[in-house]
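Okay, structure first, notes after.
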Amino acid sequence: MVDLKLKIEFGGGLELLFSNRRTHFVDIPSTKQQGDREGEPVDMDFLIHWLRSNSLKERPELFVENETLRPGILVLVNDIDWELEGEGDYRLKDGDEIVFISTLHGG
Amino acid sequence: MVDLKLKIEFGGGLELLFSNRRTHFVDIPSTKQQGDREGEPVDMDFLIHWLRSNSLKERPELFVENETLRPGILVLVNDIDWELEGEGDYRLKDGDEIVFISTLHGG
Amino acid sequence: MAADTFRLDDYKRYGRQMILDGIGLPGQLKLQQAAVVVVGAGGLGCPALQYLAAAGVGRIGIIDHDVVELSNLQRQTLHTESRLGQPKAESAACALTQINSRVRVDALANALTPANARALLEPYDVILDCTDNAATRYLLSDAAVLLGKPLVSGAAQRFDGQLCTYNLGPEGPCYRCLFPRPAASPAAAASCEETGILGVVTGVIGSLQALEAIKLVVGLHDEQPSLLVYGALSAPPFRSVKLRKRRVSCPGCGTEGQKAGEIEETDYVRFCGGARPDWEALGL
Amino acid sequence: MAADTFRLDDYKRYGRQMILDGIGLPGQLKLQQAAVVVVGAGGLGCPALQYLAAAGVGRIGIIDHDVVELSNLQRQTLHTESRLGQPKAESAACALTQINSRVRVDALANALTPANARALLEPYDVILDCTDNAATRYLLSDAAVLLGKPLVSGAAQRFDGQLCTYNLGPEGPCYRCLFPRPAASPAAAASCEETGILGVVTGVIGSLQALEAIKLVVGLHDEQPSLLVYGALSAPPFRSVKLRKRRVSCPGCGTEGQKAGEIEETDYVRFCGGARPDWEALGL
Ligand SMILES: [Zn+2]
Ligand SMILES: [Zn+2]
C-alpha cells in the first residue's frame, strides 16, 4: 500500500492548534485501514480525522465537533472551495494541497 | 509531432502589444521545424520568436530587440524566475505557464 | 451628478484614472453618481474610505458608533490625536472632507442593528463590511441579500486577512452560503482587541475592499466569486480561491428549505453564541 | 530610544500589535529604535508612511522635492486640499505628526541625486523606493548596495503593481541583477502621468511596502527574495515569484566583471535613455 503525500496548510488562527506551523507535509495511507469501509480510497473525511489523531496538538474541539469539521472553517482543495469538489467525499490524490482556513471576524 | 499546450500571461503593460489580452492559450510545435537545430525540442528562445511571429500585434521592438528579449522584461516559468531555469535554453513542457512582465516605474 | 456638473478641475483631479482603459469620463461619472457605504470606520474602514473619497465616489456613508481611542491610532489612520474621543464616523468624515471636499459624506454615528440595517443601508449601491464581529457580519450578509446589493467583506486578525465580495450578481454566494453556522466558541471569534492585529494588514485588506467597490461601480469587476486569503508571514502571501455558487438551501439567500427569517426578528448575537457585540449597551 | 523611555500610554497605543507572537515589547522597542526612509511621498509613499508612523517607527525620513498638486489628491492620501502648493515632504510630515506626535519625522524637500544619495540615505536602516522613474530606481539600488541596506521597492501603473525587496541579506539580488539594462524606450518607462494609475493600486502596494519594512525591523522577515506581481483586473490578482540570488557578474552588486562605477560619477538619466527626471531643473 502506497502512501499519499499531501501538503496541508492552516490559516486564520488554526495553525495555533497544529504546533503553530502553517505548512505541514504529511504521508497518509491511500486506503482506509479499518472499519466497514476498509480498503476504500481515502477521502477528506478520513483526512480530517487523521489530522485530529496525528497532527493536532491542542483544543481538538476547535477543529472537529460532533465528528465533523467545526463550523467557520473553510476547506480548499488545490485552491478550490471543497464544496465544488464533493466536500468530505473528495478522494485524495498524491500531491494534493489541502488548506484549512478559519473565518476571521476582526477589523 | 505532438503540440505543446502553454498558458502565456503578459503583465505590466506588455499585454497592450498582444491584443490587450493578458492570458493566451497557445499550441506550439514540440520540436523545431527548420534551421540547423531542426528536430530539437523547443525552448524559451523558440517561444519568444514564435510569439513575435504569431501573437504580437503591434510595436514588436517593445518585445524583441536585436533578436533577444527586450531589456526590462522579466520571464517566469511556472512562477519561477527564468534565470533559475536556464533562461532561453529552458526546454518547454506541455502545460507550462510562462509569464512575461514588464518592469514598472510609476508610483 | 450629471455630466454637466462635471467641472473643469475634475479633469485635473481625476485625470490619472480617467485616462485608463475602462474608466474614462463615463467611469468617472459612474463614480460620481455612486453611493457606497462603509460599515465600520476602524482598521479596514479607514483605508477603504480614503481611497473611495480620493477616487471621487459621489456619496459615501460611514456607519460607526464608536469613539476614537488611543489604541485605534496604531492602524486607523483617518483618526488623529486631536480627535481622540470624537465619534469615529465624524472623525473619518472630517478626514475625507480634507481630501476631497466635493464628496457628500453621511456620518452615521449609530450602531448597525437588526432594527435599522435595512433603512440605513438602502440608499447605497455597494456595502463594505469593515466590522469586527461575527454578529454584525451575519446581519450585513442578510441585509445585502434582502436589498440585492453586493457586499465587499474584509477581515483581519493578527498577521492574516481575508477578502470576499458576497452576493455578487445572480449567482454569487452570501456569507451564510460559506459559513452556514458561526464559529462554535466565542473565543474563536475573538476581536482584534483579544487576538491582536498588525495594523498595516488592515491597510492591505481595506485598500483591496475599496478597489473591489470601484471595480463594481465602474463595471470592471469580472463578477466571479472568489476569496482572497492573505498571510503577511506566509509564502506566498496571497492565495485566491474559486468559490461555490449560491447554495439553494442557504438560509440566507437560497430558494429551498429553511429560511433564516426576517432580519428584524433575528437574534444575531445569540446565533453567534455570545455576548459580543453588546446590543444592550448600544441601546437595544 | 531605550526601554526606560517607553511610556505607559505606549502600551495602550501599540497594545494590539504588542500582543502578537513575534512582536511583543522587544519588537515594539525595535520599531521605536528604527529609522526608515521613504523616497517619494506620492501614491506609494503616502500609505507606506502612514502605517510606519502608526506602528511607531521611531524615526521616519521623507525625501520628495515635489509640491502637492490637485492631480495628486486622487491617490496621495496624506495630502489635502488645504496643503496644495506645499512641498510634499512637509505636507506628509504634517499628516504623520497628527497621527503619531512621538515619531521623529525628517522632511527632506530635496531631489535625491547621485551627489546627495549616500549622505541622505545613510542615517536609515531600511529604504523604501516609492519613486516614479527608472533613473531614481537605479540610483536607489546602487546606493542601497553601497550602504548595505535593504531596499523595499514598490511600483504601480495603470491597474498593475509590483513589490520586491532588493539587497536582502547576503544573497538577495539588487535591482540591476533583475534588470541589468533599463527598458529600451523612454515611452516604455512612462510615468503615471503618461500611462495613468488607479489610485488605490498604489494604496495596496504602498501598504505592502510598509509591511515589508516592519517585518525587516522586528525580525519577522524570512529574507527569501521574491517578487510580488499584482494586477487589479487579473484572476488571480496576486502572483509570487521566487527570485534568483545575487548575480556575481552584476554591475551593481556583483563581485566579478564590470562594475557600474561610483554613484557620484554615474549619469543615471543617460543610462535610462531619456530626459526624465530632469536633473537640471532640480538644480544640478
Ligand atoms: Zn447564501
Ligand atoms: Zn545586483
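Residue numbers start from 1 in every chain, and the chains themselves are labelled A, B, ... in the order their sequence lines are given, proteins ahead of strands. All values below come from the heavy atoms of this structure, side chains included, with hydrogens, waters and symmetry mates left out.
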Less than 4.5 Å to any heavy atom of chain B: does that hold for the side chain of [X], its backbone, both, or neither?
X: D:Val241; value: both
X: D:Leu227; value: side chain
X: D:Ser240; value: backbone
X: D:Tyr175; value: side chain

**Request:** Side chain from CB out, backbone as N, CA, C, O: work out which of these in B:Leu14 comes under 4.5 Å of a heavy atom of chain D, or both, or neither.
**Result:** neither

**Item:** Heavy-atom proximity to chain D below 4.5 Å, by part of B:Glu85
**Value:**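 The answer is neither part of B:Glu85.
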
**Asked** What class does the angle between the rings of B:Phe10 and B:Phe63 fall in, given that below 30° is parallel, 30 to 60° is tilted and above 60° is perpendicular?
**Response**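 Ring orientation of B:Phe10 relative to B:Phe63: perpendicular.
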
**Request:** Report yes or no: does D:Gln157 contribute a side-chain atom to a donor-acceptor pair with the main-chain N or O of B:Leu104 at less than 3.5 Å?
**Result:** no

**Message:** Which residues pass the side-chain hydrogen bond (donor to acceptor under 3.5 Å, both in side chains) test with B:Lys7, not counting sequence neighbours?
**Reply:** none

**Request:** Please determine, by modelled atom types, if D:Tyr166 and D:Asp129 share a side-chain donor-acceptor pair under 3.5 angstrom.
**Result:** no

Check: residues 75-84 of chain B side-chain donor-acceptor pairs under 3.5 Å, at least two apart:
residue: B:Asn78; atom: OD1; partner: B:Glu97; partner atom: N; Å: 2.8
residue: B:Asn78; atom: ND2; partner: B:Asp96; partner atom: OD1; Å: 3.1
residue: B:Asp79; atom: OD1; partner: D:Arg239; partner atom: NH1; Å: 2.7
residue: B:Asp81; atom: OD1; partner: B:Glu83; partner atom: N; Å: 3.2
residue: B:Asp81; atom: OD1; partner: D:Arg244; partner atom: NH2; Å: 2.7
residue: B:Asp81; atom: OD2; partner: D:Arg244; partner atom: N; Å: 3.1
residue: B:Asp81; atom: OD2; partner: D:Arg244; partner atom: NE; Å: 2.5
residue: B:Asp81; atom: OD2; partner: D:Arg244; partner atom: NH2; Å: 3.3
residue: B:Glu83; atom: OE1; partner: D:Arg244; partner atom: NH1; Å: 3.0
residue: B:Glu83; atom: OE1; partner: D:Arg247; partner atom: NH1; Å: 3.0
residue: B:Glu83; atom: OE1; partner: D:Arg247; partner atom: NH2; Å: 3.2

